[in-house]
Amino acid sequence: MAKSEKDHQHHHDEQVNHSKMDHSEQVGHSYHEAQVKEGIHDHSNLSQSHDHHVDSNHSGHDHGHHHHGNFKEIFLKSLPVGIIILILSPMMDIRLPFQFTFPYSDIVVAVLATILLVYGGKPFFQGAIAEFKEKAPGMMALISLGLSVSYLYSIYAVLARYVTGEHIMDFFFEFASLLLIMLLGHWIEMKAVGEAGDAQKSLAELVPKDAHVVLEDDLIETRPVAELKVGDLVRVQAGENVPADGLIKRGASRINEALLTGESKPVEKGVGDQVIGGSTNGEGVLYLEVQETGDQSFLSQVQSLISQAQNQPSRAENLAQKVAGWLFYIAIAAAVIAFVVWLYIADIQTAILFTVTTLVIACPHALGLAIPLVTARSTSLGASRGLLVKDREALELATKSDVMILDKTGTLTTGEFKVLNVETLDDRHTEAEIAALMAGIEGGSSHPIAQSIVHAAEKQGIQPVHFDSIDVVSGAGVEGNANGRKYELISQKAFGKDVAADVPKGATLSILVEDGKPIGTVALGDELKKASKTLIQALKDNGIQPIMATGDNETAAQGVAEELGIEYRANQSPQDKYDLVESLKNKGQTVIMVGDGVNDAPSLAIADVGIAVGAGTQVAIDSADVILTQSDPGDIESFIELANKTTSKMKQNLVWGAGYNFIAIPIAAGILASIGITLAPAVGAVLMSVSTVIVAINAMALKLKN
């Protein structure tokens, strides 16, 4: 039996009409004039418009030190050279069991150390330059200081041996071990965190590369989307993505805009209705007149919002960077004081030795591994729970969060049509009989709502009633004959009278009529995920205020918000969500954003912590700091626990890693020499190793609840 393009219109009569997108008002009213305005349809420009998300927004504010070169490649190529140096060079003048020397081996070590400094040390020196330009010396400056001092003094020591014949202790062992450990630490962290995705590229992929342009003689010309002009007439086949924002001139269909606008139900569209580029044509052929292209299109303006968000600085404190900064200044000050004092009470050689020892002792071996080891352990634990953390700063910020903004469709709810309840209005029929009749009359339709009714019956093992005939009632629903009786399944509006039925907030109600008398109802809607209520309670217990922000209509949003007991915002455009996050941040609040659609991407990027639901769009995933691979709201609770425990471990490791330095630096400078206490280089090396081991053991102790 043929079905019309408008079949089952009754399921949509109850919906609030999908608002027309006035892009200039909804999305574009607050863009900065200086933003990049490449056309969303120019794929080559779009994908190159930003170097990488890691170099922006959240993860790009670590003073650049995670992004100077491929640490894995540099470490693996530096390792053989470093190992040779460690074998041939005594540790602070103490020969270890695995070490040996031969004539001129120190010359060989000096040459290898030079190669290692130039190749392996390059990313650290680049990072140090970046830190000094920002007037914020930190980890990279401290590492570069240790490398430079230990290398230069060791070269001096080797030359002095051959020129004066005097034996002077070198620090080649410390130089090589520091460089290898730092390269390893950065590789571990880069591997654990991974690289962020390119939201701009994924956004472009929503739009097809080519469009089918209708010419005057009705011939079709395939043309690149980038060449479309306002006024062009394009044809969109069933199942294709819409190539540009436009107005329907011919045809009718159901358009899936959920990933773009957050509207959970496919929207009925006909002549005169607007469609958004990137949305999906469900069924039927559409002929669209192009209204917006390039930077005026909906997706392009979403792109601009993402660009704007990614250029905002992170608010993470980055404790490791701050601790390294303090150590840098303490080491410099202690070294200068040591040089002046020992020059006054002894001689220049003694002064230089104490100065160099102070700076070498300050080298943050343990500190360099303190954060990467915790990050690696945390990432592994998170992955086992379906949590992929792309930016470790998100963990730190999550512990300070005040507000969590949650999308509705696909995040708190399933985003799918579900039969919420079936009721009988007649004592002669059971609920199972009502369900069997509904499943029978809807059995021949491919409409999502019809399929939900059929599947609900199947799940309960209910056999659909066989209908002799089924016809579409235009604008009302369907009717059919079975067992000598006439049945109708129509909307409440088409029925024209109120019925005593329990209708969940935001649900669509259809009425089953037998020979003109209502005998049952079915309520359909978007169902809450099982873990949503538990999550909301957990957020409140952690002092985090939940707010639901959705592109869905007021009625649907209110129903979910009331059931969860939370504040909400309905009919939210990407700009609205972006503005909400920005306004909360401007009030000094730390904001977590959770979402899954293109309309969530800008707010995911600007939020202090962006959490993408893994079943959503690639654009949202690329814009976020954390991905929930299992799309389970309960995993957000696990993320909060992971953030709290990881941050605690990081602070503990910073105490172990830096605490040694804070104590050892003054002693190495000779502050207690007057009472006979000095820090022998060998003892300093042992303490350094013990500190590193403690940091590693403490990192592995990180665990989550079962």
Side-chain angles (χ1 to χ4, degrees), residues 1 3-4 6-16 254 264-266 268 413-414 416-528 555-556 559-560 562-563:
M1 178 187 65
K3 298 281 185 183
S4 72
K6 294 284 190 177
D7 94 333
H8 302 309
Q9 179 69 35
H10 69 286
H11 292 300
H12 301 281
D13 288 338
E14 300 298 316
Q15 296 177 24
V16 176
R254 284 187 291 271
S264 58
K265 303 177 179 72
E268 291 280 356
T413 65
T414 61
E416 301 171 357
F417 290 111
K418 286 285 180 73
V419 172
L420 303 182
N421 63 38
V422 173
E423 289 187 50
T424 178
L425 303 177
D426 189 324
D427 293 339
R428 294 181 298 108
H429 297 86
T430 65
E431 288 185 9
E433 289 172 343
I434 296 296
L437 286 165
M438 290 178 176
I441 203 169
E442 293 282 30
S445 174
S446 61
H447 190 288
I449 291 179
Q451 288 299 301
S452 296
I453 293 173
V454 174
H455 291 156
E458 288 177 352
K459 193 173 181 181
Q460 297 178 59
I462 296 173
Q463 186 69 29
V465 171
H466 173 73
F467 274 74
D468 300 322
S469 64
I470 301 174
D471 295 301
V472 175
V473 181
S474 180
V478 290
E479 63 181 19
N481 296 299
N483 302 322
R485 294 183 180 274
K486 179 182 179 182
Y487 293 93
E488 298 169 275
L489 186 57
I490 54 178
S491 67
Q492 188 170 11
K493 179 179 178 182
F495 183 64
K497 299 176 185 178
D498 288 335
V499 292
D502 181 19
V503 186
K505 283 275 188 180
T508 296
L509 186 71
S510 294
I511 301 171
L512 181 65
V513 180
E514 180 185 72
D515 292 334
K517 181 182 177 182
I519 61 170
T521 63
V522 59
L524 300 107
D526 199 5
E527 191 177 43
L528 272 180
T555 305
V560 172
E562 287 183 359
E563 192 171 350

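All values derive from a computational prediction rather than experimental measurement.
- The number of heavy-atom neighbours closer than 6.0 Å to CG of Asp427, taken from other residues, nucleotides and ligands shown, is 12 or below.
- No side-chain heavy atom of Asp471 sits less than 4.5 Å from a side-chain heavy atom of Val478.
- Here the CG atom belonging to Asn481 is positioned 4.0 Å from the OG atom belonging to Ser469, to the nearest 0.5 angstrom.
- Applying the side-chain contact (heavy atoms from CB on, under 4.5 Å) test between Glu442 and each of Leu437, Val522, Ile453 identifies Ile453 as the sole match.
- When all heavy atoms are compared, the tightest approach of Gly480 to Phe467 is C-CD2, 3.7 Å.
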Test salt bridge (charged side-chain N to carboxylate O under 4.0 Å, His left out) applied to Asp515 and Arg485, step by step: CA-CA 6 Å; Asp515 292 334; Arg485 294 183 180 274; 3.0 Å; yes
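- With values rounded to the nearest 0.5 angstrom, Ile470 atom CD1 is found 10.5 Å from Glu479 atom CD.
- Contact between Ala435 and Ala457 at its shortest, heavy atoms only, is O-CB, 4.4 Å.
- Here the side chains of Glu514 and His429 are in contact, with some heavy-atom distance below 4.5 Å.
- Under a 4.0 Å N-O distance rule, the pair Glu488/Lys517 does not qualify as a salt bridge.
- Note that NZ of Lys486 and CG of Asp468 are 14.0 Å apart. Values are rounded to the nearest 0.5 Å.
- Under the side-chain contact (heavy atoms from CB on, under 4.5 Å) rule, Leu425 has a single partner from Val499, Val513, Ile519, which is Val499.
- To the nearest 0.5 Å, atoms CD (Gln460) and CD (Glu431) are separated by 8.5 Å.
- Taking CZ from Phe495 and OG1 from Thr521, the interatomic distance works out to 11.0 Å, rounded to the nearest 0.5 Å.
- Rounding to the nearest 0.5 angstrom, the gap separating the CD1 atom in Ile511 from the CD atom in Glu423 is 11.0 Å.
- Side-chain N or O atoms of Glu433 include one that pairs as donor or acceptor with a backbone N or O of Thr430 at under 3.5 Å.
- The shortest heavy-atom contact between Leu524 and Ser452 is CD2-CB, 4.0 Å.
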